[in-house]
Amino acid sequence: SRSPTPMKLRDAPSACPSLWRCLPCPPAELRLDLVLSSGQSFRWWESSPGAWTGVLGGRVWTLRQDGDRLWYTVYGEEDEHEEEQQGGCPAKAAKLDAAETDRILRDYFQLDVGLSALYRAWGAADPLFRKVANDFPGVRVLRQDPVECLFSFICTSNNHISRITAMIERLCQAFGRRLCCLDSRPFHAFPSLSALTGADAEARLRALGFGYRAKFVSGSARAIAEGLGTEGLCQLRTEPYAEARRVLCALPGVGAKVADCVCLLSLDKAEAVPVDTHVWHIAQQRYGVALGGKSLTPRAYQEIGDFFRGLWGPRAGWAQAV
DNA sequence: AGTGGACCTGACCTT
DNA sequence: CAACACAGGTCCACA
């Protein structure tokens with residue numbers, strides 16, 4: 001096949017407006033910079049000031065916010081399925097149509113959930129929230145792919161953001177389908193479950209610097225592949241929070257905190273409150289949650305979650321993200 | 001049941 | 001400058 005002209009990163013609609021589309025979206029409803037850099041997803045990168053490039057739904061996107069509009073552009077595949085002529089119009093097959101990309105983005109950012117009303121309710125119930133909310137408007141929970149979310153958060157245990165990001169980048173590069181090159185930088189999809197079930201997966205992950213998490217990632221991939229499957233994992237979206245949590249916690253490397261992250265960020269469990277060491281300290285110092293232990297015991301974990309659910313209500317996880 | 005250690009790694013901050 | 005503690009936890013082995 002012919003060698004395609006190298007694609008370039010796009011940073012703003014002005015240069016080539018026909019490649020961009022936009023959705024109505026005021027800053028009070030979404031602050032792209034806060035949401036994409038807050039550690040919910042590790043796959044977005046500020047490619048130029050105000051422009052965020054990343055992989056979503058098997059495509060590479062650049063997003064930019066300008067006033068009340070959310071602008072986006074989607075990059076084509078490296079090989080736009082040149083051989084694939086069966087099944088009708090090639091142009092249609094090669095390119096997602098506008099309605100579809102709009103839908104993907106609206107779904108990912110859950111734009112049908114009105115954030116300003118939620119902020120008002122949380123603020124009314126909690127003066128401390130009001131204070132923080134002032135400086136951090138437009139922070140909402142992403143609706144991520146369950147497989148990506150699960151394996152990403154397995155990598156977060158006892159780890160820090162900079163290393164997590166680098167690990168996941170290497171994971172995608174080594175196990176994920178290559179999508180395209182932008183400014184000669186390759187972009188890869190997040191690996192499918194089956195890509196992680198190989199016999200040598202653990203060793204390869206070790207070589208990529210995953211440490212003891214290599215066993216967790218490959219072990220969880222195996223367990224899901226032999227159990228509920230990718231479909232079953234996704235179907236946890238329709239199960240109750242407690243059930244989803246129970247299933248996730250049975251996987252190696254998945255404890256209460258990681259399970260809650262996956263529940264909140266990919267399985268539609270808005271009441272899930274992931275309690276990390278930071279949240280634990282906040283709960284004690286700022287909210288005076290009285291808990292005996294010097295460490296975050298399972299009981300303390302449960303009580304802190306219950307406390308915030310009591311304070312903020314059924315979307316406590318969303319409030320926590322702020 | 002509930003608690004203390006070990007666990008991979010490496011950018012970053014104190015000694 | 002090198003050692004070090006530390007970082008968005010989890011698992012396992014013992015009271």
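When reading the values below, keep in mind they use all heavy atoms of this one structure, side chains included, and skip hydrogens, waters and symmetry mates.
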Practice prompt. Kindly say whether Arg309(A) contributes a backbone atom to a donor-acceptor pair with the side chain of Glu271(A) at under 3.5 angstrom?
Written response: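 Between the backbone of Arg309(A) and the side chain of Glu271(A) there is no qualifying donor-acceptor contact (under 3.5 Å).
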
In whole angstroms, how far is the [atom2] atom of [N] from the [atom1] atom of [X]?
{"X": "His278(A)", "N": "dG9(C)", "atom1": "NE2", "atom2": "C1'", "value": "16 Å"}
{"X": "Asn158(A)", "N": "dC6(C)", "atom1": "CG", "atom2": "C1'", "value": "8 Å"}
{"X": "Phe216(A)", "N": "dC7(B)", "atom1": "CZ", "atom2": "C1'", "value": "8 Å"}
{"X": "Phe153(A)", "N": "dG8(C)", "atom1": "CZ", "atom2": "C1'", "value": "8 Å"}
{"X": "Arg213(A)", "N": "dA6(B)", "atom1": "CZ", "atom2": "P", "value": "17 Å"}
{"X": "Lys257(A)", "N": "dT10(C)", "atom1": "NZ", "atom2": "C1'", "value": "12 Å"}
{"X": "Leu264(A)", "N": "dG8(C)", "atom1": "CG", "atom2": "P", "value": "18 Å"}
{"X": "Phe151(A)", "N": "dG8(C)", "atom1": "CZ", "atom2": "C1'", "value": "19 Å"}

Discussion item. Looking at Thr277(A), I'd like to know whether one of its side-chain N or O atoms comes within less than 4.0 Å of OP1 or OP2 on dG9(C).
Written reply: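 Yes, Thr277(A) has a side-chain N/O under 4.0 Å of OP1/OP2 on dG9(C).
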
Worksheet entry | dG2(B) OP1/OP2 closer than 4.0 Å to side-chain N/O of Arg299(A) |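 Result: no.
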
Gap in Å between the two [atom1] atoms, one belonging to [N] and one to [M], rounded:
{"N": "dA2(C)", "M": "dC8(B)", "atom1": "P", "value": "26 Å"}
{"N": "dG8(C)", "M": "dT14(B)", "atom1": "P", "value": "15 Å"}
{"N": "dT10(C)", "M": "dA11(B)", "atom1": "P", "value": "24 Å"}

Worksheet item: Hey, is Asp107(A) close enough to Arg143(A) for a salt bridge, meaning N to O under 4.0 Å?
Response: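 Yes, charged N to carboxylate O under 4.0 Å.
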
Item to complete: Determine, for Glu100(A) against Arg59(A), whether the closest basic-nitrogen to carboxylate-oxygen distance falls under 4.0 angstrom.
Response: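 No, no charged N to carboxylate O under 4.0 Å.
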
Practice prompt. For Gly253(A) and for Pro274(A), locate the closest nucleotide of DNA chain C by heavy-atom distance; then report the residue assigned to the nucleotide nearer the 5' terminus.
Written response: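 That would be Pro274(A).
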
Discussion item. Counting only Watson-Crick pairs (N1-N3 plus N6-O4 or O6-N4) and G-U wobbles (N1-O2, O6-N3), all under 3.5 Å, who is the partner of dG8(C)?
Written reply: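 With both distances under 3.5 Å required, dG8(C) matches none.
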
Discussion item. Could you identify the nucleotide paired to dA11(B), looking across every strand shown and requiring Watson-Crick or G-U wobble geometry with both distances under 3.5 Å?
Written reply: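 Paired with dA11(B), as far as the under-3.5 Å criterion goes, is no nucleotide at all.
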
Worksheet entry | 5' priority, DNA chain B, between Ser157(A) and Ser162(A) [closest heavy atom] |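 On the 5' side of the pair lies Ser157(A).
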
Worksheet entry | Atom of Ser266(A), atom of Gln144(A) and distance for their closest heavy-atom approach |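 It is CB-O, 3.2 Å.
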
Worksheet entry | Residue pair Asp11(A) / Ala51(A): nearest heavy atoms and the distance that separates them |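 Asp11(A) and Ala51(A) have their closest heavy atoms at O-CB, 3.7 Å.
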
Fill in: Ring-face cation of Arg185(A) near Trp45(A) (centre distance under 6.0 Å, axis angle within 45°)
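Output yes; distance and angle both within limits.
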
Worksheet item: Got a donor-acceptor pair under 3.5 Å from the side chain of Arg163(A) to the base of dC6(C)?
Response: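 No pair found.
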
Base, sugar-phosphate alone, or nothing: which one does [X] contact when heavy atoms must sit under 4.0 Å apart?
{"X": "Ile161(A)", "answer": "base"}
{"X": "Leu251(A)", "answer": "sugar-phosphate"}
{"X": "Val279(A)", "answer": "nothing"}
{"X": "Gly255(A)", "answer": "sugar-phosphate"}
{"X": "Ala166(A)", "answer": "nothing"}

Worksheet entry | Closest listed nucleotide, where the reference is the side chain of His160(A) and the choices are dA7(C), dG9(C), dC8(B) |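 It is dA7(C).
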
Discussion item. I want to verify a distance call: between dT3(B), dT10(C), dC8(B), whose nearest atom is closest to the Tyr212(A) side chain?
Written reply: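 Of the candidates, dC8(B) comes closest.
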
